[in-house]
**Q** 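Okay, handing you the structure first.
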Amino acid sequence: MVEMVQYYLPLGMRYSTLEERKQFYASEFNLQAVAEWFGNWQAKVRFAVIIGRHTKIYPEKYKEDASITIVIDEYSNLEDLRQEILEFLPEAVYYDRNVYDESGAKAGQELAFDLDPENIVCPIHGTLADKMKRYQGLSFCELELQMVKQETVGLYEFLANHFDALRVVYSGRGFHVHVLDPQAYRLGTQERLKLAQQVKKEGFHIDEWVTTGEMRLIRLPYSLNGLVSRLVLPLSKDDLQSFDPIRDERALPGFLGRKATF
Ligand SMILES: [Zn+2]
């Protein structure tokens with residue numbers, strides 16, 4: 001028996017087409033802003049793309065590689081990165097939070113927290129287990145997005161007791177909190193695990209794999225989240241409280257145009 005699965009997203013959110021990805025990376029992708037994001041990095045950043053793992057939308061010639069993670073580390077400047085992205089037209093662009101020394105050995109890792117809406121217990125859609133049972137693990141609704149935003153505000157305030165240089169990024173689905181304090185890069189696996197468990201005990205629904213570092217890739221700020229057609233957008237703490245994840249114009253790619261009027 002074939003089950004019909006409906007993938008639901010908040011109003012106006014949808015997959016981006018290949019043509020739209022191309023349009024975005026050719027004319028809107030803000031390399032200056034990307035450079036500023038990495039302003040304090042001493043080492044070369046490794047980027048990565050996934051072409052069509054979730055969306056199943058990919059250039060025909062990359063059919064075989066559509067679901068794998070492709071690392072981009074042979075570039076001489078960010079314009080090269082743009083050209084690589086235009087070649088693959090990926091659904092997602094990431095960077096590696098690991099910092100490597102000249103010999104290529106891991107010298108540290110940026111600490112980050114990932115809050116996703118599917119982990120929120122929704123009054124309408126239930127728990128993640130409920131959603132998985134209906135094969136809707138990647139679906140989310142506007143209510144969950146608002147709830148995850150409130151959690152992000154709380155997590156920011158909790159982390160501000162321990163760290164100074166916090167950055168919030170809207171991922172197009174949920175939110176990331178990046179910790180840029182120098183001492184946070186040097187935390188060991190056990191310390192990260194302890195911190196992740198502490199944060200979960202406080203009631204925050206984080207993805208532990210991101211904080212402990214096993215999942216070291218994180219969405220590149222200012223890239224396009226091709227699953228929802230939204231920009232990955234850094235936000236100030238003051239911005240966050242009033243931020244509307246569905247309608248905020250700064251997160252709307254140009255190709256949505258008037259279709260993004262709600
Ligand atoms: Zn829901």
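Note that these values count all heavy atoms, side chains included, but never hydrogens, waters or copies made by symmetry. First listed ligand is number 1; within each ligand, the first listed atom is number 1.
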**Q** With rounding to the nearest 0.5 Å, note down the distance linking OH in Tyr25 to CZ in Arg82.
**A** 11.0 Å
**Q** Measure centre to centre between the rings of Phe47 and Tyr94, then say whether the value is under 6.0 Å.
**A** no
**Q** Arg173 and Asn225: which non-hydrogen atoms are nearest, and at how many Å?
**A** CG-ND2, 3.8 Å
**Q** Tell me the protein N, O or S atoms under 2.8 Å from the Zn ion (ligand 1), in chain and number order.
**A** Cys122 SG, His125 ND1, Cys141 SG, Glu144 OE2
**Q** With ring centroids as reference points, do Tyr62 and Phe88 lie under 6.0 angstrom apart?
**A** yes
**Q** With a 6.0 Å cut-off (strictly less than), is the heavy-atom count around NZ of Lys106, excluding the residue itself, greater than 12?
**A** yes
**Q** Take Phe175 and Lys149 through the side chain to side chain contact (heavy atoms under 4.5 Å, CB included) test and state the conclusion after the steps.
**A** CA-CA 7 Å; Phe175 295 85; Lys149 189 184 89 172; 3.7 Å; yes
